[in-house]
Every structure is written in C-alpha cells, then in structure tokens.
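Both backbone and side-chain heavy atoms feed into the values below; hydrogens, waters and symmetry mates do not. Numbering of residues begins at 1 and proceeds along the displayed sequence. Atoms within each ligand, like the ligands themselves, are counted from 1 in listed order.
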Amino acid sequence: MTEPASAETASVRNPSARLIDGKAFAANLTQTIAQEVRAFHDRHQVTPGLAVVLVGNDPASEVYVRNKALQTHRAGMRSFMHMLPETTSQAELLALIGRLNHDPEIHGILVQLPLPAGLDPVAITNAIHPDKDVDGLGEVNAGRLALGQPGIVPCTPLGCLMLLKSELGGLRGLHAVIIGASNLVGRPMARLLLAEGCTVTVAHIDTRDTAALARQGDILVVATGCHGLVRGDWIKPGAAVIDVGITRISLPNGKTRLVGDVAFDEAVTRAGRITPVPGGVGPMTIACLLNNTLAAARRIVGGAA
Ligand code: GUN
C-alpha cells in the first residue's frame, strides 16, 4: 500500500501544522480523574479497582501493562496485576475472569491483547462482565456502540475523539477517513465519529485506492500498525491527522526510535494539526482507561459522584 512521496509533497510547505499534545491533555484528564476518585471515595468509602491480566512475555505488552498500573496508582485507584505464564490454558484464564467478575474490589477488568496462540480472544473478551469491561471490546459494549446506545467505549478511539473535539470543537458535517478497520480502533472510531455527525469512510487492507480516499479527509485517523504508510501527499491540506500507530524501529546508528503510521516529516507540511508519536494518542489510551474504570465504579456502586 506504500506509495512514493510525490513532487507535490515537497512543494507544499506548511511547517506550522499544530502539534496535538496528547501527553498534556492526558495529564490534565488524569489529574481531574484523581480528584474525582477522592470525591468518590469520600462519598462511598470505595476505591475504584482495576485488574489487568497479561498472559505471556510479550515485551511491548509488558511495558504497556506496567504503565497502566503506574497511572492507575497515580490516579489514586487500586491496581491488581495478574501476570500469567504463556502456558496458561483457556479454562484457567476464564476461571480467573470469573473470579474477577465477582470480586467487589474490582470495578474494571482488562485482558491485554494480543493473547498467545491457543487462547481465543473473542471468548476471553466476552467472558468479562459488561459492567467491568473497561476496554469496551466485548460484544455487549461493542453492540451498544454500534446501536448508538450508552455503554463503555474502547479507550484508544475515545482518546482520539477527545483530542479531535478539543482541537476542532464540533465535528458535524466533517468528512472523517479512518485507515484500518480493527475492532480495537478503526471500527469503534467509525461509530463514534458517525455519532458526532461526521461522514465516515473506513479504508482497510482490501481498499483499492486508500491514498485517494485519505485525501478527502478533513479528519484522518490512521491505525494500521504499518509504520510510515501514510505519506505527505495522502493528506488534505489543513486536515486534522490522528496517528494511532506506534512501532519501534532500529536506526543505522544502532539506536531505536518510536514511529507512527504517518510519515510525520512529510505530513507536518500538509496537515493543519497532527498528533506526534510518541506523545500523541498513546498517553490518551491510559487516561481513558482510568476514565472508564471510574465510570464503571460509579455504575457498580450505584452513586452519581
Ligand atoms: N493491546 C493494545 N492496545 C490494547 C487495548 O487498548 N486494550 C487491550 N486489552 N489490549 C491492547
């Protein structure tokens, strides 16, 4: 799907594309959540608790779940980590989820994906009680989102939506192009943007001319896991670009660097606004996980504050 940058990319120079500072936005959101967690505790004598389950030793997943635990503590919530061996069976994992579903100290449950081969992510995700499914990936919450009903919304698309609304205000009538149709990001993102009144196009692996579609987007959300896929000349001048991708690449000097799915140096000359990698969408995902855990605790405990 990768196309060479066109001559046009080099000729359109707008180095002033505004950087969307997801790190600062997430820090503010986490601070607000921490205040609300204290108020919730004062009112109900309950501290929201989040259980994170990691199966196996995927190094990237280990970093993600450690960060989740750290931020959960920072927000004043309780973090329960379950680090299980690669050899864990489906029955063992389902049994753990069953216990967490019934544990009154736990208000949110997240099973880190991807799971090792042999474990069925659909069955595992659907085993989490919908009220504690703070990832919003189970069929009940995904169905609610598809039907436009209130429910728990997946953290990454929720974070992207918050950034877009804070940058652009109302989104009604804008054409949003999403590249990537995963259950984790692309599909829920499409449903959220549709609910905001956007006209939504979803491009995916079988789409014929993704670049031509991308060029129509007032909003361009890219979540493919294919680093550098989106070139500068794929971007409508002035568009708001949200780069969900995050890949660690090796440099010729032996060092490594995190990069997104968008060729940032090219895109920054065309976009009106763009999220950097790192420091854009990534921090929002964890802040939204905390947001969803507090909201779940409120619903489970039955209070409004
Ligand atoms: N792996 C990468 N992102 C996510 C996420 O948002 N939730 C879960 N459960 N696993 C992930």
Side-chain angles (χ1 to χ4, degrees), residues 22 26 29-30 50-72 79-84 88 90 93-94 96-97 100-101 106-117 119-130 132-142 145 151-163 178 180-192 221-227 242-248 258 260-261 275 277-278 280-293 295-296:
L29 181 57
T30 303
L50 171 65
V52 173
V53 181
L54 174 64
V55 187
N57 305 99
D58 178 66
S61 292
E62 283 177 350
V63 173
Y64 291 143
V65 300
R66 264 203 305 275
N67 274 336
K68 283 170 184 169
L70 191 70
Q71 296 297 329
T72 305
S79 166
F80 301 84
M81 299 287 287
H82 294 266
M83 313 289 263
L84 307 181
T88 303
Q90 175 116 345
L93 187 50
L94 289 172
L96 171 62
I97 292 171
L100 297 172
N101 279 340
I106 305 287
H107 305 95
I109 303 168
L110 178 147
V111 177
Q112 185 69 24
L113 301 174
L115 286 166
L119 296 175
D120 175 2
V122 175
I124 304 284
T125 307
N126 285 330
I128 298 170
H129 191 287
K132 297 190 177 185
D133 171 26
V134 284
D135 247 343
L137 298 177
E139 60 194 14
V140 171
N141 284 302
L145 182 59
I152 304 179
V153 174
C155 305
T156 300
L158 179 60
C160 295
L161 184 68
M162 286 181 184
L163 292 177
I178 299 162
S182 69
N183 286 332
L184 207 53
V185 185
R187 285 165 199 254
M189 188 81 249
R191 286 160 186 151
L192 285 172
V221 180
V222 190
T224 65
C226 187
H227 67 87
I242 305 290
D243 188 352
V244 181
I246 184 156
T247 307
R248 185 169 290 284
L258 290 173
D261 292 354
T275 53
V277 176
V281 173
M284 290 301 293
T285 298
I286 299 185
C288 288
L289 177 64
L290 304 177
N291 176 80
N292 285 356
T293 303

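From the protein, the heavy atom lying nearest to atom 9 (N) of ligand 1 is D135 OD2, 2.5 Å. From the protein, the heavy atom lying nearest to atom 4 (C) of ligand 1 is L184 CD2, 3.8 Å. For atom 11 (C) of ligand 1, the closest heavy atom belonging to the protein is Q112 NE2, 3.5 Å. Nearest protein heavy-atom neighbour of atom 1 (N) of ligand 1: L113 O, 2.8 Å.
With hydrogens and angles disregarded, a donor-acceptor distance shorter than 3.5 Å links the side chain of D120 to the backbone of V122. Although no hydrogens or angles enter the test, the distance criterion places no donor-acceptor pair under 3.5 Å between the side chain of N141 and the main chain of G136. One N or O on the side chain of K132 and one on the backbone of L100 form a donor-acceptor pair closer than 3.5 Å. D243 contributes no side-chain N or O that, together with a main-chain N or O of T275, makes up a donor-acceptor pair within less than 3.5 Å.
Between V111 and ligand 1, a contact under 3.5 Å exists for at least one N or O pair.
Residues D261 and T224 bring a donor and an acceptor atom of their side chains to less than 3.5 Å of each other.
Within ligand 1, the atoms closer than 4.0 Å to a non-hydrogen atom of L110 are 9 (N), numbered from 1 in the order shown.
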